S.K.: 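Dropping the structure in here first, questions after.
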Amino acid sequence: MNELNHLAIIMDGNGRWAKRRGLLRTKGHETGANVVEQMCEFCIDEGVAILSLYAFSTENWKRPKSEVAFLMDLLHKFLLSKRESFIKNGIKFNVIGDESPLSDKLKNEINEIKNATAQNSRLKLNLALNYGAKDEILRAFRRFCEKNGGEFDAQNLTLNLSEDSLQTCLDEPTPIDLLVRTGGEQRLSNFMLWQASYAEFAFTPTLWPDFTREELALITAKFKKKDRRFGGL
Ligand code: FPP
């Protein structure tokens, strides 16, 4: 049986879910936000150590201004409403991605909740915000250079550069075991390219607001029985 240490989810299909009901796309995001708690509960019950959720990509800024503003406000409200339950349930909250362009209001809430949950250890929840895998790898390389004497110490950089040393500079260094994408599309959309190098993939047509812990349980049961060879025999 495979161990599920790191589960990642691309939460897709909110807009279509809303459209099919004659509702605004924003209603889909709002309903989608309510699914997150169930996923955390599942992970805690099943002993999953890390849950990474794709909430807002570096490319999502291209959406209409009003949708971006709604998502940012929703994220802020989500964090405010979940702070106590994260503390109580042992969830260590973390953000992956470049936080710098986020509003001060959102950044402050992120910092508060990160600090309040820093000692928790039942589940690490990574929320990907302004996240792009290529951007993460670039930032990791910059971090690596800073740690290794800066851009002028070329010899030191070359000596110390390895897959392992660069990996430790990523926002999240742990490899993904299982990557789930809801909403029917079968693509990675610039999500955790490095960490997904040997991930198992599961794609479901279910739109994110309709996704349940029962469906996740079926997907993870299948994952546990897979033959994972990591390039070996
Ligand atoms: C994809 O649906 C979803 C997003 C771009 C954002 C994900 C956001 C949420 C699940 C809600 C907010 C989450 C939190 C944690 C507060 P889409 O709009 O691309 O759907 P579509 O493909 O049907 O248009």
Side-chain angles (χ1 to χ4, degrees), residues 7-44 50-86 89 91-99 101-103 105-110 112-114 117 123-133 135 171-172 179-192 202-213 215-216:
L7 169 68
I9 309 183
I10 301 178
M11 310 180 286
D12 194 15
N14 294 343
R16 279 165 287 161
W17 181 91
K19 208 172 158 199
R20 281 179 199 174
R21 287 165 176 74
L23 303 168
L24 292 174
R25 290 177 54 80
T26 49
K27 188 68 192 165
H29 295 313
E30 213 171 75
T31 313
N34 295 329
V35 179
V36 171
E37 192 155 7
Q38 274 193 61
M39 299 302 129
C40 293
E41 285 167 7
F42 174 87
C43 288
I44 289 172
I50 305 172
L51 172 64
S52 297
L53 299 175
Y54 207 3
F56 195 87
S57 75
T58 45
E59 289 78 26
N60 284 151
W61 299 103
K62 291 187 236 166
R63 294 189 175 205
K65 258 189 181 164
S66 57
E67 182 164 335
V68 171
F70 182 90
L71 278 170
M72 291 298 154
D73 189 52
L74 180 65
L75 285 161
H76 183 256
K77 286 190 182 132
F78 171 84
L79 294 181
L80 264 182
S81 71
K82 293 291 177 257
R83 193 193 311 178
E84 286 314 311
S85 96
F86 286 173
N89 293 312
I91 296 172
K92 179 182 178 137
F93 177 76
N94 185 44
V95 165
I96 57 172
D98 176 9
E99 290 177 38
L102 304 179
S103 70
K105 188 171 109 170
L106 188 53
K107 279 192 273 201
N108 288 339
E109 187 54 35
I110 288 169
E112 292 235 349
I113 198 161
K114 268 189 197 167
T117 62
L123 173 70
K124 181 181 185 189
L125 173 64
N126 287 323
L127 202 59
L129 290 182
N130 188 33
Y131 178 88
D135 179 64
D171 296 347
E172 173 55 69
L179 192 145
V180 177
R181 181 172 186 143
T182 63
E185 307 289 359
Q186 302 197 358
R187 53 176 171 252
L188 267 179
S189 303
N190 202 11
F191 190 49
M192 302 189 94
F203 299 102
T204 167
T206 306
L207 304 175
W208 176 251
D210 289 330
F211 196 62
T212 58
R213 65 173 284 168
E215 185 172 359
L216 182 57

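Keep in mind that this is a model prediction, so the values were computed, not measured. We count ligands from 1, going down the list as the structure has it; atoms in each ligand are counted the same way.
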S.K.: Which protein heavy atom lies closest to atom 8 (C) of ligand 1, and at what distance to 0.1 Å?
M.R.: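 It is N14 ND2, 3.7 Å.
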
S.K.: Main chain of R187, side chain of R181: is a donor-acceptor contact present, judged purely on distance under 3.5 Å?
M.R.: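 Checking the backbone N and O of R187 against the side chain of R181, a donor-acceptor pair under 3.5 Å is found.
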
S.K.: Which of the atoms in ligand 1, numbered in the order shown and given with their element, are less than 4.0 Å from a heavy-atom of R16?
M.R.: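 So the answer, numbered in order with elements, is 21 (P), 22 (O), 23 (O).
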
S.K.: Among all protein heavy atoms in this structure, tell me which lies nearest to atom 1 (C) of ligand 1, with the distance rounded to 0.1 Å.
M.R.: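 Its nearest protein heavy-atom neighbour is M11 O, 3.2 Å.
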
S.K.: Looking at ligand 1, is there an atom of it that comes within less than 4.0 Å of some heavy atom belonging to A55?
M.R.: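 Within the 4.0 Å threshold, so yes.
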
S.K.: Calculate, to the nearest 0.5 Å, the distance between atoms CD and NZ belonging to E109 and K77 respectively.
M.R.: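 Rounded to the nearest 0.5 Å, the CD-NZ separation comes to 13.0 Å.
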
S.K.: Could you tell me whether the side chain of S85 reaches within less than 4.5 Å of the side chain of E37, counting heavy atoms only?
M.R.: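 The answer is yes; the side chains approach within 4.5 Å.
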
S.K.: Any chance you could measure T31, atom OG1, to L207, atom CG, to the nearest 0.5 Å?
M.R.: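 The CG atom of L207 is 11.5 Å from OG1 of T31, to the nearest 0.5 Å.
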
S.K.: Under 3.5 Å between some N or O of ligand 1 and some N or O of W17?
M.R.: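 Min N/O separation from ligand 1 is not below 3.5 Å for W17.
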
S.K.: Using distance alone, determine whether L74 and ligand 1 share an N or O pair under 3.5 Å.
M.R.: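 N/O-N/O distance under 3.5 Å: no.
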
S.K.: Could you establish whether R25 and ligand 1 come within less than 4.0 Å of each other, counting only heavy atoms on the residue side?
M.R.: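 Flag set, R25 near ligand 1.
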
S.K.: Using a 4.0 Å heavy-atom threshold (strictly under), name the region of E59 that reaches ligand 1: side chain, backbone, both or neither.
M.R.: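 Neither part.
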
S.K.: Can you tell me how far apart CG (L71) and CD (E30) are? Round to the nearest 0.5 Å.
M.R.: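 Answer rounded to 0.5 Å: 11.0 Å.
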
S.K.: For residues E172 and S52, is any side-chain donor paired with an opposing acceptor at under 3.5 Å?
M.R.: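 S52 and E172 do not have a side-chain donor-acceptor pair below 3.5 Å.
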
S.K.: What protein heavy atom sits nearest atom 11 (C) of ligand 1, and how far away is it?
M.R.: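 Scanning the protein heavy atoms, the shortest distance from atom 11 (C) of ligand 1 goes to H29 O, 3.4 Å.
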
S.K.: Any N or O of R63 that comes nearer than 3.5 Å to an N or O of ligand 1?
M.R.: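 Among all N and O atoms of R63, at least one is under 3.5 Å from an N or O of ligand 1.
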
S.K.: To the nearest 0.5 Å, what is the distance between CG (N94) and CG (D171)?
M.R.: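 Here the rounded value is 8.0 Å.
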
S.K.: Could you give the distance from CG (L75) to CG (L102), rounded to the nearest 0.5 Å?
M.R.: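 Here the interatomic distance stands at 8.5 Å.
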
S.K.: So which heavy atom in the protein is nearest atom 14 (C) of ligand 1, and how far is it from that ligand atom?
M.R.: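 Looking at atom 14 (C) of ligand 1, the protein heavy atom closest to it is L75 CD2, 3.9 Å.
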
S.K.: Answer with side chain, backbone, both or neither: which part of W208 has a heavy atom less than 4.0 angstrom from an atom of ligand 1?
M.R.: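 It is the side chain that gets close, since no backbone atom is under 4.0 Å.
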
S.K.: Which class fits the ring pair F93 and F86: parallel under 30°, tilted 30 to 60°, perpendicular over 60°?
M.R.: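 The rings of F93 and F86 lie parallel, inter-plane angle below 30°.
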
S.K.: Residue-level breakdown please: for K19 versus ligand 1, do any non-hydrogen atoms fall below 4.0 Å on the side chain, on the backbone, on both, or on neither?
M.R.: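 The answer is neither.
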
